[in-house]
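Data first, discussion second: the structure below is written as structure tokens.
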Amino acid sequence: MSFLTIRNLSAELKGHGVPLLRRVSLQVAAGEVRGLVGESGAGKSMIGKAILGILPRAVAITGGEILLDGVDLLQLPPAQRRRRIGASAALIPQDPLTALNPSRRIGGQITDRLVDILGWQRARAEARARELLAEVQIAEPERVLRSYPHELSGGMRQRILIASAFAAEPRLIVADEPTTALDVTVQKQILKLIQAMQARHGTALLFVTHDLGVVSKVCQKLSVLYAGMVVEDTEVRPFFAGPKHAYSAALLAATPKYTDPAASLQPVPEAVIEAVRREVADADRRAGHG
Amino acid sequence: MRLIRQILLRMLTTAVTLIGVAVIVFVVIRVVPGNPIAMMLPPGATDEDVLRLTALYGLDKSLPQQFLIWAGGVLHGDFGTSITSRQPVLALVLDRLPATLELSIMALVIAVLIGGVVALTGTRSRDSGIEAAIDIGNGIALSIPDFLWGLILILLFGVLLPVFNISGRITPSLPLNFVTNFYLFESILRGRPDLWLDLISHMFLPSLALAIPLSAIIGQVLKQSLKETMHLDYVTLSRTKGYGENHVILREALPNAILPTLTLVGVQFTFLIGGTVIIERLFSYEGLGNLAIDAVINRDLPLIQGIVILFAVIFTAVNLVVDLLYAVLNPRLRHG
């Protein structure tokens, strides 16, 4: 049984009827890492936001289910849904520079969920925070816990956000392009850290990224999105050996390779785009009739 | 080190500001038409009397000379003698200051409470009919000046539905054995509800009149910055932790959204203190503002100068407090 199961999830822009997600289905088993890739606007971040209940107000879910440990989040009353998400899932956000509250100390931002939502004793939560900072290789955890975000570097803040995401031992973590906003030299370390933490804690991880290189290193499974529709859902290894879908293949071909950077910088061909668009339209039509 | 330099710089600019205010006031009230001596003497006084009195108050000397004499006195704590009451200006002014400070602070508290509730409610129900209603209410509150609110409130709660007192500061028949002139603070500290309830009954309408426009500004600006803050990543992250809307607004958004509002409140509070001049007159409230109007009517030059200087001191003090609060609330400045 998968820890996270999404079935036929559809979402649209309120009042405009513009579909943002088209009957998306995917599963993440306990302890498994699934990559979610696609171009900008394909809806990959939208899926992560839908799971965590943080969709923008302008977006409405129009159908489908999000099962977290067998319970459909969309059927729960808001307060109950929030607590359930807070207790069993977490987010590693994209930009560490904006994801920490500038007027609160780091310590409180790690322990708040443990104390307020899970009802831990403050001392226990603080001990846990120290332990977590050590785990993400932050020296002087005591000082860092008392610091404000602006006193720390971007890489350091991302480590803190990773530590915070693992604080409540969630069963699922959504990592929303967690390395995109970082310095290239820091990216690798952070990626390794997320991998190590995931492996140690056995957390299911949904890794949202546009970087297939990252997927090949971190993930076991992979969903490729185009225009809010899953065009390929597969294991990572066979995918890199030879993707089934033409769009996935073109996306893979468009990924720069370190061996030959200039030669491989090619856009997804027009013909492929047209084909996948037709496919999306067909699927919409079928869903409309069904 | 940096802090000391900042404080010194601040004191220097404050001194320059006060000197500038003193010069301008001194010159302006002597240049505008109206002669205090003529007001003091009975009709039919001889030219000789006029000259004698003019010389007595030093008004026969040149303007720079007059200023130097006055400024020299000020440096010794002597602000001159009121022409009408023949009492030291400093004593008169300090006697009335507490009444005006209490009124202004009460108005500020009311404005912050109303504005805060309005902003939080508007943020909570943003992009809905409630927010639109709040915007309209704010617009109305803002477009009516404080003295007109004073008249409206007198009509509503003093005449049609007389639940508040509309004249004076306190009922004179009460046992008025105050040690200080901070009647409200003192009666609260001494645990005398008979006194402070009466004071509040007198002060509520004038302070509300002063507070309404400011509360609309606070409500509007704070709501706007709260709404912008609500989109930020750390607010979203807090939602994923399981927190609901109220907590997210109060703990994550408010401390960061409050800074622009604070600067604005500082500036607007000085306007509010300026507004006490007319509001005190309207409610016959015996404060500095009422004293100022009497002084202007009577061409009581030393008294006008003293009052204006005191207002200038209050304004700079308010700005200083705002800057300090800003540093306290913004960790980036505290450590900077």
Flag the pair [X] and [Y] as a salt bridge only when some basic side-chain nitrogen lies within less than 4.0 angstrom of an acidic carboxylate oxygen.
{"X": "A:Glu177", "Y": "A:Lys44", "answer": "yes"}
{"X": "B:Arg126", "Y": "B:Glu131", "answer": "no"}
{"X": "B:Asp135", "Y": "B:Lys223", "answer": "yes"}

Item checked: Max heavy-atom pair count under 4.5 Å with chain A, selected residue of B:Gly244, B:Gly242, B:Ala253, B:Pro255 -> B:Gly242
Margin query: Restricting to non-hydrogen atoms, name the atom on B:Gly274 and the atom on B:Phe315 that form the minimum distance, rounded to 0.1 Å.
Written below: N-CZ, 4.3 Å
Notebook entry, point to check: Is the side chain of A:Gln187 donor-acceptor paired with the backbone N or O of A:Thr179 at a distance under 3.5 Å, no angle test?
Noted result: yes
Margin query: Strictly distance-based, threshold 3.5 Å: is any side-chain N or O of A:Glu32 a donor or acceptor partner for the main-chain N or O of A:Ala204?
Written below: no
Margin query: Using the rule given for side-chain contact (heavy atoms from CB on, under 4.5 Å), can you reason through B:Arg239 versus B:Met230, listing the C-alpha separation, both sets of side-chain angles and the distance that settles it, and then say yes or no?
Written below: CA-CA 11 Å; B:Arg239 289 184 195 283; B:Met230 292 302 281; 3.3 Å; yes
Next item on the list: Report the option among A:Pro102, A:Gly86, A:Ala99 that has the most heavy-atom pairs separated by less than 4.5 Å from atoms of chain B.
Entry: A:Pro102
Next item on the list: Under the side-chain contact (heavy atoms from CB on, under 4.5 Å) rule, what do A:Val28 and A:Leu205 come out as? Steps first, then yes or no, please.
Entry: CA-CA 7 Å; A:Val28 189; A:Leu205 180 63; over 6 Å; no
Next item on the list: Evaluate the criterion side-chain contact (heavy atoms from CB on, under 4.5 Å) for residue pair B:Asn256 and B:Val235; output intermediate values, then yes/no.
Entry: CA-CA 11 Å; B:Asn256 295 295; B:Val235 174; over 6 Å; no
Next item on the list: Please step through side-chain contact (heavy atoms from CB on, under 4.5 Å) for the pair B:Asn319 and B:Arg10, ending with a clear verdict.
Entry: CA-CA 10 Å; B:Asn319 285 328; B:Arg10 192 57 188 251; 3.6 Å; yes
Margin query: Under 4.5 Å from any heavy atom of chain B, what part of A:Leu100 do you find: side chain, backbone, both or neither?
Written below: backbone
Checklist line | Engaged part of A:Arg84 at the chain B interface, taking heavy atoms whose separation is under 4.5 Å | finding: neither
Notebook entry, point to check: For B:His247, is it the side chain, the backbone, both or neither that has a heavy atom under 4.5 Å from a heavy atom of chain A?
Noted result: side chain
Note to self: Is a donor from one side chain sitting under 3.5 angstrom from an acceptor on the other, for A:Glu12 and A:Thr62?
What the structure shows: no
Notebook entry, point to check: Does CG in B:Leu113 sit with more than 12 non-hydrogen atoms of other residues, nucleotides or ligands closer than 6.0 Å?
Noted result: yes
Next item on the list: Could you list which of residues 113-129 of chain A have a heavy atom closer than 4.5 Å to any heavy atom of chain B, in residue-number order?
Entry: A:Arg113, A:Asp116, A:Ile117
Note to self: Are there residues of residues 159-169 of chain A whose heavy atoms fall under 4.5 Å of chain B's heavy atoms? If so, which?
What the structure shows: A:Leu161, A:Ser164
